[in-house]
Amino acid sequence: MSSSAAVSRKPKTPKPSRVRVPEKFADAEKLYGIENWGKGFFSVSDDGNLLVHPTRESHRFVDLKGVIDDVALRGISTPVVVRFPQILDATVKELNEAFLRAIKEYEYDGAFRGVFPIKVNQKKVVVREIIQAGRKYGYGLEAGSKPELLAALSQDLGPDCLITTNGYKDEAFIKLALNGLRMGKTVVLILEKVSELERILDVAKRRGVTPLIGMRSKLYARGSGKWAKSGGEAAKFGLTTTEMLDAVEILRHRKMLDSLVMIHFHIGSQITDIRKVKQAIKEAGRVYAKLYRSGVEVKFLNLGGGLGVDYDGSKTAFDSSMNYTVQEYANDIVYTIKSICDEEKVPVPTLVTESGRAITAYHSVLVTNVLDVADRIEQGRTVKLDGDENHVVRELYDVWQGVTAKTMRESYHDALQYKEELFTLFNLGYVSLEDRSKGEILYWNICERIRRHLHTLKDVPEEFEQLEVMLADKYVMNFSVFQSLPDVWAIDQLFPILPIHRLRERPGEVATLADITCDSDGKIEKFIDLRDIKEALPLHLFHKGTPYYIGFCLVGAYQDVLGDLHNLFGEAHEVLASVDEEGRTRIQDVLPGESCERVLSYMNYDRDEMLDGIWRQLRRATERKKVKEPEAKAIAKDFEQVLSQYTYLED
Ligand SMILES: *Cc1c(COP(=O)(O)O)cnc(C)c1O
């Protein structure tokens, strides 16, 4: 994180964000920040369950825990992705209405025609729902590859709705787009490179179709946050000014300037700072206006994606937040483009955006269960000295007895020193395993005692900041970070994470999360916080045998489709839920996740071949009288059963 925009960045606090919850806890909404990031889609019921309000009306809600319990009866166990198609309706509406309002307010003499970039979530239910919700606004789709374009063209989109195409294109891609045009759809081929132009024109000429072409412009302006490098001069995509002028010349020469209908740019995702948005629009607006004045009457100005999501609810330019609203975004775009066009005396363009994250992030929640708590057993033990211990153990014992609020700093330093000495002596052979264990127990008990005294300090010294995190439990969760929350691993993305029940009960534990892959990166140790990043999460005591469910919210953008098969953990089960007019929960659909057999097939394992292999080995074992015939049959049956089961743990 660079520390440029000091005003909008979260203030760095000298004190650590205290993760342990005070004894008199009342408010889960505040503790987990639901009131800040929830955007009206989430709340907590009186009995402590997380409620989802897909229509943002307080009297219509889905009780998430109720959904999980319900589908459990149908044999669908967590991890489960619960989707709320009605949330997609709400976000599509919000974006479109925001632009309509801005257009009215600033008397903008043009229209808004947004498109949804399929790459953000290609799931059929998601794309279908967005199209339906956007139909009355002429909302379209953006495709970046042949399969995405196939998906887009197969949808029932009329000529009012744009289909834009980005990314590199081969002849088949271009043909697909031109066929879309012939079917009466408005498909725009956006150039990433000038060299694509000749090819498009050639293919179009052979087919007797007049193509619709856009140019992706490489802006000088950049985004902010993690994706700042997607924009600017060194960006991977886009045409420089010289290249744009070249493209215009080629078209002019071929008398096909009419085909050039769109100017496009995309400065990166999750733009956290509205000033970056404004800079980019100003530049793009000028590019449009200057081109127009030179006789290139471009109709659409496509401002790409980048509209942010306030994952931590802090309303700042922090990486996981944004310092503006959807309405401000629309207002700034409409107002700025209008001002520029007025000044340059050119007609205003039809505005296009390609918002993906802001449309889809809210619509799904990943729910999974805690399997186990890996706590430090040393913390629950005490040590009795029998007099035969090594002197270092006795020293640690004395330190432990002497910890008070006044001496804790000194105690801590002593403990660190004796711990070092303990290991050194152990390596030299002077300390027994029993003594080493006693020393370790004492060390952790000292840390725990100090932690309890920390609240008495006004300013917590830096060396103690990590203590709470060091002493945190590890809650082992039934899921794979790589499959279900890839951005946590890849780019340290933060998501709101909280229990979906027991929310009126004080969460007295402090934990980090670990997944069930054998990869040490399969963990979550960064959590949202209003002021900073929390390194541990307050959670409830886990009772083995009683399910404890954690929800990962706002995971509807990118996570569904970037996931991988690390350790061959497959896609999670999916449940589509909604509320009806009376506010009753409807489970619209249950889509089972991937089975072992399915994920194995991606690696070219064939079910029958695997079973044959097992049988061959069992036959050999029975011949050698290592296994009896009925036993062999039972083993083969077990094997077959697991093949068709969920890849995650089921009990
Ligand atoms: C990924 C992408 C988008 C979507 O960006 P969001 O930040 O998710 O809105 C839009 N346009 C293009 C060209 C993209 O590559």
Side-chain angles (χ1 to χ4, degrees), residues 88 91-92 94-96 98-99 112-123 126-127 130 134 139-145 148-149 152 162-169 173 188-193 196 214-219 222-232 235-239 262-274 276-277 280-281 284 300-311 319-322 324 326 329-330 333 351-364 486-487 490-491 493 495 554-562:
L88 295 169
T91 51
V92 168
E94 181 186 22
L95 179 71
N96 282 282
F99 272 95
F112 173 70
R113 286 277 175 276
V115 292
F116 170 67
I118 299 188
K119 77 152 193 271
V120 180
N121 196 321
Q122 296 102 336
K123 297 264 178 186
V126 174
V127 175
I130 288 173
Y139 198 63
L141 293 172
E142 184 268 351
S145 65
E148 286 187 357
L149 185 54
L162 287 172
I163 297 177
T164 61
T165 64
N166 289 298
Y168 295 116
K169 301 159 195 76
F173 192 129
V188 183
L189 283 157
I190 298 177
L191 304 178
E192 309 281 3
K193 290 250 162 276
E196 284 179 332
M215 286 195 296
R216 179 155 177 176
S217 156
K218 201 177 265 188
L219 292 191
R222 278 169 166 233
S224 57
K226 288 186 195 296
W227 282 270
K229 288 199 185 72
S230 310
K236 170 175 161 196
F237 289 122
L239 277 57
M262 182 180 284
I263 299 293
H264 173 237
F265 73 88
H266 173 68
I267 58 168
S269 200
Q270 182 70 8
I271 301 173
T272 55
D273 189 348
I274 188 72
K276 303 289 179 175
V277 175
I281 325 168
F300 299 99
L301 179 58
N302 180 347
L303 307 139
L307 175 56
V309 165
D310 195 0
Y311 292 98
D319 281 0
S320 48
S321 186
M322 61 199 268
Y324 57 96
V326 175
Y329 176 76
I333 290 175
L351 296 170
V352 181
T353 65
E354 300 175 330
S355 299
R357 182 183 298 276
I359 295 292
T360 55
Y362 290 89
H363 94 280
S364 65
D487 279 345
I491 55 169
Q493 161 92 52
F495 294 98
L554 276 50
V555 296
Y558 298 102
Q559 308 315 295
D560 277 311
V561 293
L562 287 177

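For ligands, and for the atoms within them, numbers begin at 1 and follow the listed sequence.
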J.: What residues come within 4.0 Å of ligand 1, counting heavy atoms only?
T.: P117, K119, V120, N166, R216, H264, H266, S269, Q270, G305, G306, E354, S355, G356, R357, Y558
J.: Side chains of R357 and Y311: any donor to acceptor distance under 3.5 Å?
T.: yes
J.: In Å, rounded to the nearest 0.5 Å, how long is the span from CG of D560 to CD of Q122?
T.: 9.5 Å
J.: H266: what forms a side-chain hydrogen bond (donor to acceptor under 3.5 Å, both in side chains) with it, not counting sequence neighbours?
T.: none
J.: Any donor-acceptor pair under 3.5 Å linking the side-chain atoms of E354 with those of N166?
T.: yes
J.: Would you give the length of the straight line joining atom OG of S321 to atom CG of D273, rounded to the nearest 0.5 angstrom?
T.: 11.0 Å
J.: If we ignore hydrogens and angles and just use 3.5 Å, is the side chain of Q559 paired with the main-chain N or O of V555 as donor and acceptor?
T.: no
